[in-house]
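Please read these numbers as outputs of a predicted model, since none were measured by experiment. Basis for what follows: all heavy atoms, side chains included, without hydrogens, waters or symmetry-related copies.
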Amino acid sequence: MPRPIISPSVLASDFGQLTIECKRMIKGGAEWLHMDVMDGHFVPNITLGPPVLSCVARSVPGIFMDCHMMVEHPEKWVDDIAAAGGSLYCFHIEATSDPLSLIKAIHDKNMKAGDEIGAAADMLLVMTVYPGRGGQKFLDRCVPKVAELRARFPNKDIEVDGGVGPKTVHSCAEAGSNVIVAGTAIFHADDPEEVIMTLKNAVVTAQANRSS
């Protein structure tokens with residue numbers, strides 16, 4: 001059974017103190033940091049890219065950067081993200097014409113690969129908002145896809161991303177997600193460490209219930 005992982009989304013952080021924010025999340029119990037890379041084409045927004053990731057990697061040794069690539073032609077960015085210290089490269093299947101070759105290229109750069117569908121990926125992504133901006137309302141209708149993927153892939157990491165917090169995590173965890181992305185719910189909380197623990201405990205409890 002895959003381990004519970006909390007991946008705070010830095011899209012909700014104070015970008016003026018990005019490395020401090022990342023260190024704060026790791027100190028608070030986060031295993032990964034979720035980096036939303038947007039190019040202004042695949043989605044309308046523009047966020048951070050390889051130069052910023054490289055600065056974070058240098059300032060936060062050992063950080064696991066969960067890079068969510070909301071970009072056109074994701075195969076173009078594999079080398080740059082790897083060089084910047086990316087640990088996981090998650091792309092959208094509709095952005096590429098050859099996902100298997102892209103996954104091979106990601107693995108060749110010693111990164112884990114993520115997408116929304118495939119058996120060849122290390123992690124499967126389920127978006128629970130519309131891609132492209134933070135702070136959206138959680139979409140309950142996306143949760144059954146988590147359960148469907150968990151039935152097919154009992155040992156893979158399955159990540160939910162968007163609108164997840166203490167009030168919505170339980171349905172995701174019960175459906176089978178073990179990687180929880182949360183932005184506003186963690187970064188804007190009075191006690192981020194408590195929120196991270198709440199999210200992690202929801203996954204632990206759901207896994208225990210499924211095993212019993």
Subject >> Student check: side-chain heavy atoms of His92 and Met70 closer than 4.5 Å >> reply: yes

Original post:
Members other than Leu100 in its cluster, when Ile, Leu, Val, Met, Phe, Trp, Tyr link by side-chain heavy atoms under 4.5 Å?
Top reply: none

**OP:** With side-chain contact (heavy atoms from CB on, under 4.5 Å) as the test, would you mind laying out the steps for Trp77 and Val37 before giving the verdict?
**Re:** CA-CA 10 Å; Trp77 295 101; Val37 179; over 6 Å; no

Original post:
Does some side-chain heavy atom of Ile6 sit less than 4.5 Å from a side-chain heavy atom of Val195?
Top reply: no

**OP:** Classify the side-chain pair Asp161/His68 by whether it contains a donor and acceptor separated by less than 3.5 Å.
**Re:** yes

**OP:** Decide yes or no on salt bridge (Lys or Arg N to Asp or Glu O under 4.0 Å) for Glu31 and Lys200, but give the supporting numbers first.
**Re:** CA-CA 10 Å; Glu31 288 82 9; Lys200 191 175 298 185; 2.5 Å; yes

Original post:
With a 4.5 Å limit on heavy-atom distance, are the side chains of Val179 and Trp32 in contact?
Top reply: yes

Original post:
Under a 4.0 Å N-O cut-off, is there an ion pair linking Glu116 with Lys145?
Top reply: no

Original post:
Who are the side chain to side chain donor-acceptor pair (under 3.5 Å) partners of Asp39, not counting sequence neighbours?
Top reply: none

Original post:
Are any of the side-chain nitrogens in Glu21 or Arg24 under 4.0 Å away from the carboxylate oxygens of its partner?
Top reply: yes

Original post:
Going by atom types only, do Ser7 and Asp66 share a side-chain donor-acceptor pair under 3.5 Å?
Top reply: yes

Original post:
Is a side-chain donor-acceptor pair under 3.5 Å present for His73 with His41?
Top reply: no

Original post:
Does anything in residues 69-91 pair up under salt bridge (charged side-chain N to carboxylate O under 4.0 Å, His left out), and if so which pairs, sequence neighbours excluded?
Top reply: Asp79-Lys109

Original post:
Linking I/L/V/M/F/W/Y whenever their side-chain heavy atoms sit closer than 4.5 Å, directly or via other members, would Phe64 and Phe187 fall into one cluster?
Top reply: no

